[in-house]
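Presented below is the structure to which this report refers.
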Amino acid sequence: MRSVTYSMGVSLDGYIVGPDGGFDWTAPDKEVFRFWIDEIREVGVHLLGRRLYETMLYWESADQDPSLDDAMLEWAALWKPLPKVVFSTTLSEVQGTARLASGSPAEEIERLRAEPGEGDIAIGGATLAAEAAASGLIDEYRAVVYPVLVGGGVPFFPRHERRVDLALVETRTFRSGVVYLRHRVTR
């Protein structure tokens with residue numbers, strides 16, 4: 001069965017965006033960007049909320065930007081054809097290989113797990129991840145922890161009244177001080 005993974009950049013105090021909505025502190029250096037490229041190779045379909053979808057729209061045509069370096073072109077070449085499912089109550093259409101979700105996150109995940117396919121089912125966005133977590137559907141939490149305290153904002157981990165036991169699967173420390181933590185949910 002395909003794993004459902006939740007992977008995003010997060011501040012040391014646990015937020016994916018700061019109180020002002022900014023996330024400029026997650027701009028990756030070359031080493032961290034290479035890590036993200038390698039990680040996206042393992043993804044078979046990406047589930048996104050509206051805000052993350054709109055942020056990532058740049059990559060749908062980024063290959064036309066002559067200022068991009070080889071690593072950014074490689075990312076664009078991997079991201080653009082990747083199937084995406086967008087959860088939104090305000091969008092009426094999406095672009096490229098994206099489609100609007102027709103069901104709840106739980107329904108979409110169960111449908112995707114039942115279909116033949118390779119690669120992880122990746123979730124991007126804290127709100128969407130919180131819905132999947134509440135249904136017990138996240139198999140792995142992958143936090144790319146940046147050495148910054150932002151003091152508030154949107155939390156990486158969903159706030160709910162349910163204990164979730166985790167097993168550490170992998171860690172990696174980058175020269176920049178960014179730390180990758182990969183935990184699998186123990187069931």
Side-chain angles (χ1 to χ4, degrees), residues 3-86 95-98 119-130 132 138-158 166 168-184:
S3 289
V4 177
T5 63
Y6 172 40
S7 181
M8 291 192 74
V10 58
S11 65
L12 184 60
D13 55 349
Y15 298 96
I16 62 168
V17 297
D20 62 353
F23 56 94
D24 57 330
W25 44 271
T26 65
D29 63 12
K30 288 181 180 185
E31 184 184 23
V32 174
F33 195 70
R34 172 57 48 197
F35 167 82
W36 285 118
I37 290 170
D38 293 342
E39 184 168 275
I40 202 69
R41 289 179 192 286
E42 304 300 318
V43 174
V45 60
H46 209 295
L47 311 183
L48 304 97
R50 180 195 52 83
R51 286 186 299 257
L52 183 58
Y53 167 74
E54 289 175 341
T55 299
M56 297 301 287
L57 269 177
Y58 167 78
W59 295 103
E60 293 298 321
S61 60
D63 55 353
Q64 305 302 310
D65 185 342
S67 69
L68 294 188
D69 65 20
D70 289 342
M72 290 179 171
L73 288 170
E74 184 179 357
W75 170 268
L78 293 166
W79 180 259
K80 189 174 180 176
L82 183 66
K84 300 163 198 81
V85 180
V86 181
Q95 299 177 26
T97 58
D120 294 333
I121 300 168
I123 295 180
T127 303
L128 186 57
I138 295 181
D139 298 305
E140 286 190 8
Y141 289 89
R142 299 175 179 182
V144 179
V145 183
Y146 286 80
V148 61
L149 303 173
V150 298
V154 177
F156 175 87
F157 292 104
L166 305 171
L168 181 62
V169 176
E170 180 182 358
T171 65
R172 181 172 173 188
T173 302
F174 298 92
R175 288 186 295 273
S176 61
V178 171
V179 176
Y180 171 64
L181 301 170
R182 177 178 166 207
H183 288 86
R184 179 163 277 284

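Because the structure is predicted, anything quoted here is derived from the model rather than measured. Note that these values count all heavy atoms, side chains included, but never hydrogens, waters or copies made by symmetry.
- With contacts defined as side-chain heavy-atom distances shorter than 4.5 Å, the pair H183/E140 does not qualify.
- Between W36 and P28 the shortest heavy-atom distance is CD1-CB, 4.3 Å.
- The backbone N or O of A122 lies less than 3.5 Å from no partner atom in the side chain of D120, so there is not a single donor-acceptor pair.
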Check the pair L57 / Q95 against side chain to side chain contact (heavy atoms under 4.5 Å, CB included), numbers first and verdict last. CA-CA 8 Å; L57 269 177; Q95 299 177 26; 4.0 Å; yes
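- Inter-residue side-chain proximity for D29 and F174 is flagged as unmet; no heavy-atom pair is nearer than 4.5 Å.
- Of all heavy-atom pairs between D20 and G22, the closest is OD1-N, 2.9 Å.
- Between F35 and Y180, a ring centre-to-centre spacing shorter than 6.0 Å is recorded.
- Closest non-hydrogen pair, G151 versus D13, comes out as N-OD2, 2.7 Å.
- Using a distance-only test at 3.5 Å, with no hydrogens or angles considered, no donor-acceptor pair links the side chain of T171 to the main chain of L181.
- Within the model, atoms OH of Y141 and CD1 of I123 stand 8.5 Å from one another, a figure rounded to the nearest 0.5 Å.
- Note that CH2 of W25 is 10.0 Å distant from CG of L12, once rounded to the nearest 0.5 Å.
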Worked verdict on L48 versus V85 for side chain to side chain contact (heavy atoms under 4.5 Å, CB included): CA-CA 6 Å; L48 304 97; V85 180; over 6 Å; no
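- The CZ atom of F157 sits 11.5 Å away from atom CD1 of I16, with the distance rounded to the nearest 0.5 Å.
- Contact annotation: the side chain of Y15 never approaches that of V154 to less than 4.5 Å [non-hydrogen atoms, C-beta and beyond].
- With values rounded to the nearest 0.5 angstrom, R51 atom CZ is found 9.0 Å from T55 atom OG1.
- V32 approaches S176 most closely through the heavy-atom pair CG2-OG, 4.1 Å.
- Of the possible donor and acceptor atoms, none in the side chain of S11 sits under 3.5 Å from a partner among the backbone N and O of V145.
- No hydrogens or angles considered: a donor-acceptor pair under 3.5 Å links the side chains of E39 and S7.
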Quick one: do I121 and T5 satisfy side chain to side chain contact (heavy atoms under 4.5 Å, CB included)? Show the steps, please. CA-CA 6 Å; I121 300 168; T5 63; over 6 Å; no
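- Scanning all heavy atoms of the two residues, the minimum distance from R142 to F156 falls at O-CZ, 3.9 Å.
- Shown here is D38, whose CG atom has more than 12 heavy atoms of other residues, nucleotides or ligands within 6.0 Å.
- Side-chain atoms of K84 come within 3.5 Å of backbone atoms of L82 as a donor-acceptor pair (strictly under, hydrogens ignored).
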After noting the C-alpha distance and the side-chain angles of S3 and R184, does the key distance pass the side-chain hydrogen bond (donor to acceptor under 3.5 Å, both in side chains) rule? CA-CA 10 Å; S3 289; R184 179 163 277 284; 3.2 Å; yes
Test side chain to side chain contact (heavy atoms under 4.5 Å, CB included) on Y146 and V10; report intermediate values, then the result. CA-CA 6 Å; Y146 286 80; V10 58; over 6 Å; no
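- Here CE of M72 is found 11.0 Å from CG of D70. Values are rounded to the nearest 0.5 Å.
- Using a 3.5 Å distance cut-off with no hydrogens or angles, the side chains of D139 and Y6 do not pair a donor with an acceptor.
- With contacts defined as side-chain heavy-atom distances shorter than 4.5 Å, the pair D63/K80 qualifies.
- Between R34 and A71, the shortest heavy-atom contact is NH2-CB, 4.4 Å.
- Considering NE2 of H46 and CH2 of W79, their distance stands at 4.5 Å, rounded to 0.5 Å.
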